[in-house]
Amino acid sequence: MIRRLEGLALYEPTFEAMQTFTQQRTAETENEIWQVEHSPVYTLGQAGKPEHILNPKDIPIVQTNRGGQVTYHGPGQVVLYPLIDLHRAKLFVRAYVNILEEAIIQTLTFFGIENAQRKDGAPGVYVPMPEGDLAKIAALGVKVSNGCTYHGLSLNVKMDLSPFYGINPCGYAGLRTVDMATMGVEVGWQEVADKVSSLLVQMIENHQQRGA
C-alpha cells in the first residue's frame with residue numbers, strides 16, 4: 001500500500017510513527033510505502049558526527065537510528081519510507097539497498113537524466129556534472145528491526161539546495177548536491193514520488209516471486 005502524508009510533515013512525529021508501525025506489525029501486516037515531503041530538518045544517522053554539521057542556522061537537528069551520517073530534508077524533495085518485511089520479500093539487506101538505488105536510477109532515466117550511478121563506498125545515487133565531478137541527487141538511510149525496514153530514501157526534485165552547504169553531506173566534505181531541476185528536468189513532486197514508489201513495488205514483488 002502506498003500512502004501519502006499530506007502537507008509538509010514534521011520529521012520527529014513521522015519518525016515515531018514509523019517506529020510504532022514497525023514495532024506493532026505482525027507477519028500478516030501489509031507492507032507500506034510512505035510518501036513524505038518534510039519541513040526543513042537535518043538528521044543525524046547512528047554513526048553521525050556532529051562536526052559534519054557546519055552551519056545549521058535555524059534548521060533543527062534530529063538524532064535518528066538510521067544508518068549513515070548527516071543529511072538534509074526539505075520542501076521539494078521526495079522522501080520515501082518503505083516499511084517492508086524483508087523475510088516475506090525474501091530479501092537480504094544488501095539486495096534491498098540495491099533495489100532502492102536501482103529504483104532511483106530508473107526513475108531518473110525515465111525523466112531524462114542519463115548516467116545516474118552508484119559510487120563505491122558512498123551509498124546513494126550520483127549524476128555526472130559538466131565539470132567532470134559527480135554530484136549527489138539522492139540519499140539512502142535504512143534501519144532494520146526484526147527483519148522489517150523503516151527510514152528509506154530521499155530524491156531531490158526541485159528544492160532550495162543551500163542548506164546542504166551547512167553540512168558535509170553524508171559525511172563527505174565538499175560533496176556537491178543537485179536536484180532534478182538543476183539537471184534541466186521540471187517535473188512535479190507527486191509524479192516523481194509515484195514513479196519511484198511503483199518501481200519499488202514492482203522490484204520487490206519480482207524479487208519475492210523469483211525467490212519463492
Side-chain angles (χ1 to χ4, degrees), residues 4-15 34-64 66-81 100-101 104-105 107-108 111-119 121-141 151-193 195-196:
R4 167 75 197 271
L5 275 62
E6 294 300 326
L8 289 179
L10 292 173
Y11 183 82
E12 287 181 283
T14 310
F15 174 31
W34 294 0
Q35 300 177 341
V36 186
E37 187 175 15
H38 279 303
S39 55
V41 64
Y42 291 122
T43 68
L44 272 170
Q46 283 185 313
K49 298 178 179 179
E51 58 263 34
H52 288 307
I53 300 173
L54 309 175
N55 183 17
K57 297 186 178 178
D58 58 351
I59 297 175
I61 302 165
V62 179
Q63 179 72 51
T64 80
R66 61 165 173 79
Q69 291 278 344
V70 61
T71 195
Y72 169 73
H73 297 311
Q77 180 190 64
V78 165
V79 179
L80 293 188
Y81 294 131
L100 295 180
E101 291 175 334
I104 296 165
I105 290 169
T107 296
L108 293 170
F111 288 110
I113 298 175
E114 303 290 342
N115 302 316
Q117 58 198 263
R118 298 169 175 86
K119 185 177 179 181
V125 175
Y126 301 78
V127 290
M129 303 301 290
E131 297 80 5
D133 59 334
L134 289 175
K136 192 163 192 174
I137 197 167
L140 303 183
H151 296 293
L153 65 88
S154 59
L155 173 55
N156 305 333
V157 179
K158 184 176 183 179
M159 57 191 303
D160 175 8
L161 295 168
S162 63
F164 285 104
Y165 295 112
I167 58 173
N168 291 329
C170 304
Y172 292 92
L175 177 63
R176 188 170 176 182
T177 305
V178 296
D179 58 12
M180 295 174 70
T182 303
M183 302 301 294
V185 174
E186 292 286 343
V187 63
W189 187 98
Q190 191 64 57
E191 194 174 352
V192 175
K195 184 62 178 178
V196 187

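Everything numeric here is computed off the predicted structure, so don't read it as measured data.
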Could you please spell out the steps behind the side chain to side chain contact (heavy atoms under 4.5 Å, CB included) verdict for V78 and W189? CA-CA 7 Å; V78 165; W189 187 98; 3.6 Å; yes

Steps toward side chain to side chain contact (heavy atoms under 4.5 Å, CB included) verdict (R176, I137): CA-CA 9 Å; R176 188 170 176 182; I137 197 167; over 6 Å; no

What's the verdict on side chain to side chain contact (heavy atoms under 4.5 Å, CB included) for L153 and V79, showing C-alpha distance, side-chain angles and the deciding distance? CA-CA 6 Å; L153 65 88; V79 179; over 6 Å; no

E101 vs Q117, side chain to side chain contact (heavy atoms under 4.5 Å, CB included): CA-CA, chis, key distance, verdict: CA-CA 9 Å; E101 291 175 334; Q117 58 198 263; over 6 Å; no

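P40 places a side-chain heavy atom less than 4.5 Å from the side chain of P75. In this structure, the side chains of R66 and F15 stay at 4.5 Å or more apart for every pair of heavy atoms. Between M183 and E114 there is no side-chain heavy-atom pair separated by less than 4.5 Å. Under the 4.5 Å side-chain criterion, counting only non-hydrogen atoms from C-beta, L80 is in contact with Q35. Between V127 and N115, the closest side-chain pair of non-hydrogen atoms is not below 4.5 Å. Residues V196 and T107 have side chains in contact (heavy-atom distance under 4.5 Å, counting atoms from C-beta outward).
The heavy-atom pair separating Y72 from I59 by the smallest distance is CE1-CD1, 3.9 Å. Considering every non-hydrogen atom in both A9 and T14, the closest pair reads CB-OG1, 3.8 Å. Nearest heavy atom pair, residue L44 against residue I61, reads CD1-CG2, 4.2 Å. Contact between I105 and A116 at its shortest, heavy atoms only, is CG2-O, 3.8 Å.
In this structure, L155 CG and L140 CG are separated by 10.5 Å, a value rounded to the nearest 0.5 Å. Remark: E37 CD to L5 CG distance equals 11.5 Å, nearest 0.5 Å. With rounding to the nearest 0.5 Å, the separation of OG1 in T182 from CD1 in I113 is 9.0 Å.
You'll find the ring centres of Y42 and H73 outside the 6.0 Å limit.
Within the 3.5 Å criterion, the main-chain N or O of Y126 finds no donor-acceptor partner in the side chain of R118. Not a single donor-acceptor pair under 3.5 Å links the side chain of N156 to the backbone N or O of Q77.
Annotation: ring pair (Phe, Tyr, Trp, His ring centres under 6.0 Å) contacts of Y81 (sequence neighbours excluded): H38. Residues passing the salt bridge (Lys or Arg N to Asp or Glu O under 4.0 Å) test with D160, sequence neighbours excluded: none. The side chain to side chain donor-acceptor pair (under 3.5 Å) check on K158 picks up E186, with sequence neighbours excluded.
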